[in-house]
2 protein chains.
Amino acid sequence: MKRTSPQKRTTIYDLAELAGTSASAVSAVLNGNWKKRRISAKLAERITKLAEEQGYALNMQASVLRRERSKIIGMIVPKYDNRYFGSIVEQFEALARERGLFPIVTCTRRDPALEVEAARAMLSYQVDCLIATGATDPDRIVDLCAASGVRTVNLDLPGSRAPSVISDNYGGALELTRRVLANCEREYGVKAPLLFVGGRGTDHNTMERMRGFRDAHAEAGIPVDETLVLPCGYAPEKAEQAMRQLAGRTHDLPRGMFVNSTISLEGVMRWIRHSGHYAERMPHLGCFDWDPFVAMLGDHIEMVRQDVPNMLQAVFAIIDSGATEPTVVQVPPIMEKVG
Amino acid sequence: MKRTSPQKRTTIYDLAELAGTSASAVSAVLNGNWKKRRISAKLAERITKLAEEQGYALNMQASVLRRERSKIIGMIVPKYDNRYFGSIVEQFEALARERGLFPIVTCTRRDPALEVEAARAMLSYQVDCLIATGATDPDRIVDLCAASGVRTVNLDLPGSRAPSVISDNYGGALELTRRVLANCEREYGVKAPLLFVGGRGTDHNTMERMRGFRDAHAEAGIPVDETLVLPCGYAPEKAEQAMRQLAGRTHDLPRGMFVNSTISLEGVMRWIRHSGHYAERMPHLGCFDWDPFVAMLGDHIEMVRQDVPNMLQAVFAIIDSGATEPTVVQVPPIMEKVG
DNA sequence: CATCTTTGCTCAATCGATGAAGCAAGAATT
DNA sequence: AATTCTTGCTTCATCGATTGAGCAAAGATG
């Protein structure tokens, strides 16, 4: 993979030669501080026109090397396969650009080793700041960055060594569980514990959501059935397998479920379809995460939509303010109406 | 937004000083060609250990500036809000990393101005190669890149000045239309033209899909109803509005539809739900694009899934081969089974 | 007319990594 | 013992942009 042509890119030296002036004048004009450097408007215009004609493109490598700030902002993100992370990345890019920063994003597929490798790569590219989204071990990344004097903000999953912005997982799960319990009671007239499926039992979000799940049961006077709490991982296959195993253990399947992410829901729905266990009547579902097509799947599904715009506003507020204390900002999620 | 601490990053000069050797020895050791440069294993080990201890991170800007290839590969992509582009980006990153390249991706929100701006930014970062995914004006981007001697590959939408990898839109649409027509005829016993909705009438893909749509009608001996061909744009709102307007014009709504992307389908489904026009019986749908939850929406939807793994293999085959002629590789999409 | 200001530039060092060229010391060869 | 090779480094120029320092000419001031 080599460049098409051996032709050199145009540099400020080439432009200086063409304009009969010095490289430093060209630089001053092209990066906009020619007024400060007292370059005449006439020369400025001549240089600008030449640059355009020659298709000049700044060499960021050289520029960044010389400056002390790169204006590059990095983000690592677990996956691109759901609306939540998709909109996080889109918002991130938009807000970064608004501030004149160059966003670089990379996906780490929930792989701790890749997370670290990606963080290292970003440091090599001299990012001024790194957003660690849904990182397995955010503190590890913060430490790596701190060693190079690079600030970090944790998003989606909190860490203990840098500011974090997360959803109010407890509050969202509490309300979601309440609604699903109420839906079940309304339809079946009985108070029965729900299933909890999906997510990693070790991650903060899943633990908080389980806490909300339990408290909502307690509120309703329903004892949680521990055999129905299955934090089996996020992947659809994991969730599907967990359901299959559960069905193998009991014939009394729950009439309501708390599904921890749309990704897990994919597996749960697949199982529901294929197993035929709920052929006569669909269970009441609550999903912690939102997807437009899930919303159309039927009136038996409640969703919690994480408030991505506000989360990213909070992230950039932290960045803009320069804060580095390990605070946790909790952004309330949005309950999506049934239907 | 400044660095946390004023602490300098460790450079090869710092390491050289600590090891009592020269910067060039350090460089040779750390970039792995110390054998070629005849550095002793003893010194190499000492330097390696020191680098680790000091948390040394290569300054890529400096490195890239010096080398003539950056090993950075860029991609621009319209959106992150659907499975198709999401998996394109994931695959792209994985394949790039496999080849020791550093992937940078940026999303241009289907905005031609942003596309150009993003391409310029990538050029400034010295990308060795740029993949233009779903670009509104791929040739414009190719020209920009060519001026800097940077190779381009078009993905998803073809261009006339660089190699392109796209789905077989005609073939996919032909088969999809056939199936929807067959489903309608099976259920209603009548041969009636379908609705075509979504996409941009000016883009290659939409035109090819419309051609497949028309040819499938011709095959079945059904005349296409031109008032039912609505390439209104991809956005859900556009599709929803198009449906609303159609319903205002006629009371005889089609029993089958070809929807050009899941994004447009979102709007169509919303309208179907809210308008109540299909309350008694859902229309037969065909969607050009795949989404797992759409697949669960019911047995009345057929989907065409674009073959992302093969498309990206093709892209990297082109990159690896160094080809630059404006060929078009058409990758057959996959028909997803009903249900 | 002499001095001071202002204007409009140029010079040269610098950022960190790289690699061609060179050099000194020891080993091998004649 | 004299010469050539080999080993194991170091020196230095370079990539392109940035910026503090400096300088010549024109203009203003006394």
Side-chain angles (χ1 to χ4, degrees), chain A residues 3 6-47 51 54-72 102 123-126 128 148-149, chain B residues 3 6 8-47 51 54-72 123-126 128 148-149:
Chain A
R3 298 262 169 66
Q7 97 213 56
K8 291 295 219 193
R9 291 150 118 100
T10 311
T11 72
I12 52 170
Y13 297 95
D14 303 331
L15 294 181
E17 179 128 44
L18 287 170
T21 180
S22 71
S24 90
V26 175
S27 170
V29 169
L30 296 180
N31 67 28
N33 60 0
W34 52 282
K35 298 223 164 174
K36 267 194 284 287
R37 306 260 317 177
R38 294 189 311 218
I39 306 289
S40 65
K42 186 151 45 96
L43 180 57
E45 201 182 345
R46 189 148 48 94
I47 290 174
Q54 300 292 314
Y56 169 81
L58 174 65
N59 183 326
M60 271 296 172
Q61 261 58 51
S63 177
V64 166
L65 177 59
R66 191 49 182 47
R67 292 181 328 216
E68 100 294 15
R69 280 189 44 211
S70 68
K71 300 196 169 195
I72 302 175
F102 184 79
L123 289 177
S124 278
Y125 283 95
Q126 310 296 109
D128 282 337
S148 296
Chain B
R3 298 262 170 67
K8 291 295 219 195
R9 293 152 117 100
T10 310
T11 71
I12 53 170
Y13 296 95
D14 303 331
L15 294 179
E17 179 128 44
L18 287 169
T21 181
S22 71
S24 95
V26 175
S27 171
V29 169
L30 295 180
N31 68 29
N33 59 4
W34 53 280
K35 299 224 162 170
K36 266 192 286 287
R37 308 274 316 266
R38 294 188 312 215
I39 306 289
S40 65
K42 187 151 43 97
L43 180 57
E45 201 181 346
R46 189 148 45 94
I47 289 174
Q54 300 292 314
Y56 169 81
L58 174 65
N59 184 328
M60 271 296 175
Q61 314 299 350
S63 178
V64 166
L65 176 60
R66 191 53 180 47
R67 294 180 328 218
E68 104 293 15
R69 279 192 44 212
S70 69
K71 300 195 169 196
I72 302 175
L123 289 177
S124 279
Y125 283 95
Q126 311 297 109
D128 282 338
S148 295

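Letters A, B, ... mirror the listed sequences (proteins, then strands); counts begin at 1. Heavy-atom basis, side chains included; hydrogens, waters and symmetry copies ignored. As the structure is a computational prediction, the values presented were derived from the model and not from experiment.
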Colleague: More 5' along DNA chain D: N33(A) or R38(A), using each one's nearest nucleotide?
Modeller: N33(A)
Colleague: From CD of Q61(A) over to C1' of dA17(C), roughly how many Å is that when rounded to an integer?
Modeller: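 Rounding to the nearest Å, CD of Q61(A) and C1' of dA17(C) are 12 Å apart.
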Colleague: Does the side chain of T11(A) get closer than 4.0 angstrom to OP1 or OP2 of dC15(D) through an N or O atom?
Modeller: no
Colleague: With a 4.5 Å heavy-atom cut-off, do T21(B) and I39(B) have their side chains touching?
Modeller: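 They are not in contact (no side-chain heavy atoms under 4.5 Å apart), so the answer is no.
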Colleague: Figure out the OH/P separation between Y125(B) and dC15(D), and round it to whole Å.
Modeller: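 Computing the Y125(B):OH to dC15(D):P distance gives 22 Å.
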Colleague: Does the ring centre of Y125(A) sit less than 6.0 Å away from the ring centre of Y125(B)?
Modeller: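 When the ring centroids of Y125(B) and Y125(A) are compared, they turn out to be at least 6.0 Å apart.
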Colleague: Within the structure shown, what part of the strands sits under 4.0 Å from L43(B) by heavy-atom distance: base, sugar-phosphate, or nothing?
Modeller: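 L43(B): backbone/sugar contact only, no base atoms under 4.0 Å.
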Colleague: In whole angstrom, give the distance that lies between atom CD of Q126(A) and atom P of dG16(C).
Modeller: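 Result: 9 Å.
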Colleague: Is there a side-chain contact between S63(B) and the phosphate of dT18(C), meaning an N or O under 4.0 Å from OP1 or OP2?
Modeller: yes
Colleague: CH2 of W34(B) versus C1' of dT18(C): gap in Å, rounded?
Modeller: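 After rounding, the reported distance stands at 18 Å.
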Colleague: From the list dA17(C), dC9(D), dT19(D), which nucleotide is the closest neighbour of the side chain of Y56(B)?
Modeller: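 Nearest to the side chain of Y56(B) among the choices is dA17(C).
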Colleague: Using atom CG of L58(B) as one end and atom C1' of dG16(C) as the other, report the distance to the nearest whole Å.
Modeller: 9 Å
Colleague: Between L65(B) and A41(B), who's closer to the 5' end of DNA chain D by nearest nucleotide?
Modeller: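 Its nearest nucleotide lies further toward 5', so the answer is A41(B).
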